[in-house]
Amino acid sequence: MQSAQVTEDAYEVGLSRIREGVISSHFMHRISLNPDFRLYEQERYSASCLQIDEGTLTTRLFPILKAASATYCQRRMETAQMRARKQFRAYGHGSADALGASEFITEAILDKEFSRNAARYNEKMALNQRLKRLIQDHRPIEMVIPALPFKIPSPLKARGTLPDLGEINFLLSLYEIAKVVEGLYDVPVSEDSPRLATFTVVSDGLRFHEAVNKSSAEVDRYQSTLAYWVQRLGLDAYIRIVDYRSLLRDRLPKEKRDAKARLFKFAHAHYSKTMWPLFDPINVVDSLEAAARVEPDPEQENPQGRFVSLLKSLIFTVNYRTLQELDGITDSVRVDLYRELTSNIFRPYTAGPGRNDTDSSAQTRTGLRQSRLSPQFMERLRRSMLQEAWEAAICYISEIKSDRDQYQDPILACLPGHLRWTIHRKRGQIAITTPPILGMAVQAWAGSAVFRPAGRGKIRLCSLPVLCLEAAGAIPVVSTGQAADGSQPLFYIDEALGVIDIDGLLEALGRSYTRQRFS
């Protein structure tokens with residue numbers, strides 16, 4: 001694959017046929033099928049919870065995070081300078097002494113600690129020249145990334161709707177990139193001066209909330225809480241949060257907004273016409289195979305196809321109206337139904353063509369005994385949920401295409417001159433690093449925060465599905481001001497750390513906490 005320049009003209013219309021993911025929850029189906037993975041019952045959850053007060057957060061935990069960040073940034077700057085000096089000839093210089101800020105910043109941005117396979121999707125020399133022009137003109141290096149949409153409404157991923165330390169971890173990672181870039185800019189700047197490197201986070205939850213049945217009020221609260229954490233952590237000089245729809249409404253010319261609406265309508269009609277005739281909730285495997293054969297925007301490196309992969313992700317993303325509208329059941333029963341039905345969404349509960357009732361897995365039969373619901377009732381729920389997910393996939397990919405089928409990236413049209421970062425790898429953009437944990441690269445909004453052991457005796461903060469965490473005996477920690485019973489944890493503590501209280505955790509973090517992405 002030919003590399004692309006990191007300039008606005010590197011943008012290519014349409015979804016890449018090579019590789020361009022559109023959502024990041026492909027891990028859930030595998031772990032949901034593990035019968036040993038169980039969420040805590042409410043009594044055990046309440047008994048397991050630790051509390052951390054606001055004063056401890058402010059005076060002890062956050063300083064540990066920020067101190068580790070400062071150490072990490074210094075090492076990344078030193079590493080970038082060392083790497084550039086070894087490669088001075090590649091930059092067209094006769095000696096390492098000729099290197100300057102642009103080369104150092106190029107190496108920092110392409111560091112695997114910050115970006116995934118960036119050199120494959122971006123041309124190093126073009127990036128260097130772009131940075132050099134900005135520095136020569138004494139202009140700040142402004143960066144943008146669409147991210148942090150909302151806490152995905154799956155009870156297997158998180159116990160609530162608000163940002164937790166996972167989102168703080170993500171914000172700190174953006175801060176670290178900006179701090180390293182500014183530190184290598186090689187221009188003195190006072191604390192009160194505008195920063196030489198910044199990140200704009202385009203929170204795109206209101207772009208997708210209707211497709212997955214997430215309320216706008218929850219998205220608004222998520223965004224306002226993000227802004228609160230940015231300010232509380234002292235990151236507001238480097239990071240700002242803007243809403244995707246507000247940004248386009250305020251900055252994108254009306255003709256481009258109208259074009260986006262037309263593209264969405266066309267894509268939705270096209271995908272509906274192509275995909276709905278294939279939908280058969282009884283023979284779902286056949287439906288998925290047919291969808292992969294005929295989908296309008298296939299991925300050559302993805303045998304399942306883009307639509308099928310998206311559907312499998314959305315199975316564990318949609319906030320199902322089917323379940324929300326059930327009357328006379330408790331929240332815990334609703335969660336049990338969610339686990340049972342999403343785990344078996346592709347397997348009919350009652351006889352269908354080529355299938356009889358004895359085909360059910362042991363897990364399915366156990367779930368039915370526990371729920372005391374008839375196979376016929378469960379089958380009606382399953383089909384309705386599958387239909388919701390199928391429609392969500394059509395809406396979701398249509399929204400993606402309403403951006404990608406335009407002749408200019410709408411975000412860069414609104415924020416010209418920004419260096420475009422992304423969650424998924426694509427040409428001309430820089431994909432931020434999300435290190436895999438237990439074989440899963442889980443974004444902050446698709447999981448729950450946890451402090452867990454890392455290599456070389458260190459402790460790392462990351463995100464994992466709450467199903468994995470509670471199955472492994474992780475300890476939930478809630479902030480004061482919230483009752484331990486039923487509240488959303490701010491983070492979990494991995495049982496392997498061997499700590500039993502907050503003081504023990506803070507002591508361990510003080511000794512061993514690291515911001516290093518890879519051991």
When rounded to the nearest 0.5 angstrom, what is the spacing between [atom1] in [X] and [atom2] in [Y]?
{"X": "Y185", "Y": "S102", "atom1": "OH", "atom2": "OG", "answer": "10.5 Å"}
{"X": "R515", "Y": "L461", "atom1": "CZ", "atom2": "CG", "answer": "6.5 Å"}
{"X": "I432", "Y": "H424", "atom1": "CD1", "atom2": "NE2", "answer": "12.5 Å"}
{"X": "S48", "Y": "Y40", "atom1": "OG", "atom2": "OH", "answer": "5.0 Å"}
{"X": "I145", "Y": "L419", "atom1": "CD1", "atom2": "CG", "answer": "10.5 Å"}
{"X": "C468", "Y": "Y492", "atom1": "SG", "atom2": "OH", "answer": "11.5 Å"}

NZ/NE/NH1/NH2 to OD/OE distance under 4.0 Å, [X] and [Y]:
{"X": "R460", "Y": "D494", "answer": "no"}
{"X": "R75", "Y": "E113", "answer": "no"}
{"X": "D164", "Y": "K151", "answer": "yes"}
{"X": "E470", "Y": "R44", "answer": "no"}
{"X": "K214", "Y": "E218", "answer": "yes"}
{"X": "E399", "Y": "R207", "answer": "yes"}

Please report the closest heavy-atom contact between [X] and [Y], naming both atoms and the distance.
{"X": "S463", "Y": "A444", "answer": "OG-CA, 3.6 Å"}
{"X": "L252", "Y": "P410", "answer": "CD1-O, 4.0 Å"}
{"X": "D243", "Y": "S246", "answer": "OD2-N, 3.0 Å"}
{"X": "Y222", "Y": "W445", "answer": "OH-CB, 3.7 Å"}
{"X": "R382", "Y": "I345", "answer": "NH1-O, 2.7 Å"}

Take atom [atom1] of [X] as the centre, draw a 6.0 Å sphere, and report whether it contains more than 12 heavy atoms from other residues, nucleotides or ligands.
{"X": "L326", "atom1": "CG", "answer": "yes"}
{"X": "R139", "atom1": "CZ", "answer": "no"}
{"X": "R83", "atom1": "CZ", "answer": "yes"}
{"X": "D186", "atom1": "CG", "answer": "no"}
{"X": "E78", "atom1": "CD", "answer": "yes"}
{"X": "Q231", "atom1": "CD", "answer": "no"}

Original post:
Between L171 and L148, does a side-chain contact (heavy atoms from CB on, under 4.5 Å) hold up when you go through it step by step?
Top reply: CA-CA 9 Å; L171 291 169; L148 299 170; 3.8 Å; yes
Original post:
Only one of V499, D501, I500 clears side-chain contact (heavy atoms from CB on, under 4.5 Å) with I493; which?
Top reply: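 Between I493 and the candidates, side-chain contact (heavy atoms from CB on, under 4.5 Å) is satisfied uniquely by V499.
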Subject >> Residue of the set V442, T317, L467 for which side-chain contact (heavy atoms from CB on, under 4.5 Å) holds with K157 >> reply: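 With K157 as partner, side-chain contact (heavy atoms from CB on, under 4.5 Å) holds for just one option, T317.
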Original post:
How about Y238 and F199: are their ring centres within less than 6.0 Å of each other?
Top reply: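 Not under 6.0 Å, so no.
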Original post:
Are the ring centres of F208 and Y396 closer than 6.0 Å?
Top reply: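 Close enough - the centres of the two rings lie under 6.0 Å apart.
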Subject >> Axial cation check for Y175 ring with K66, 6.0 Å and 45° limits >> reply: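 Here K66 passes the 6.0 Å and 45° test against Y175.
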Original post:
Can K458 be said to sit on top of Y513's aromatic six-ring, NZ or CZ under 6.0 Å from centre and within 45° of the ring axis?
Top reply: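 Judged by the rule, K458 and Y513 form no cation-pi pair.
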Do [X] side-chain atoms and [Y] backbone N/O form a donor-acceptor pair below 3.5 Å?
{"X": "E103", "Y": "G100", "result": "yes"}
{"X": "T56", "Y": "I52", "result": "no"}
{"X": "S193", "Y": "V189", "result": "no"}

Original post:
Going through the checks in order, is the side-chain contact (heavy atoms from CB on, under 4.5 Å) test met by R60 and D503?
Top reply: CA-CA 10 Å; R60 298 183 65 186; D503 285 338; 3.0 Å; yes
Original post:
With sequence neighbours excluded, what pairs up with Q81 under the side-chain contact (heavy atoms from CB on, under 4.5 Å) test?
Top reply: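 Listed in chain order: R85, F104, L184.
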Original post:
Are L509 and F451 close enough, and set up right, to give a side-chain contact (heavy atoms from CB on, under 4.5 Å), and what steps lead you there?
Top reply: CA-CA 9 Å; L509 293 177; F451 288 105; 3.6 Å; yes
Original post:
Yes or no on side chain to side chain donor-acceptor pair (under 3.5 Å) for S46 and Q42, after CA distance, side-chain angles and deciding distance?
Top reply: CA-CA 6 Å; S46 299; Q42 187 58 50; 3.1 Å; yes
Subject >> Chi angles and distances behind the side chain to side chain donor-acceptor pair (under 3.5 Å) call for T434, Q443 >> reply: CA-CA 7 Å; T434 306; Q443 299 294 348; 3.1 Å; yes
**OP:** Give the C-alpha distance, both sets of side-chain angles, the deciding distance and a yes or no for ring-ring contact (aromatic ring centres under 6.0 Å, His included) between W229 and F170.
**Re:** CA-CA 11 Å; W229 285 121; F170 185 85; over 10 Å; no
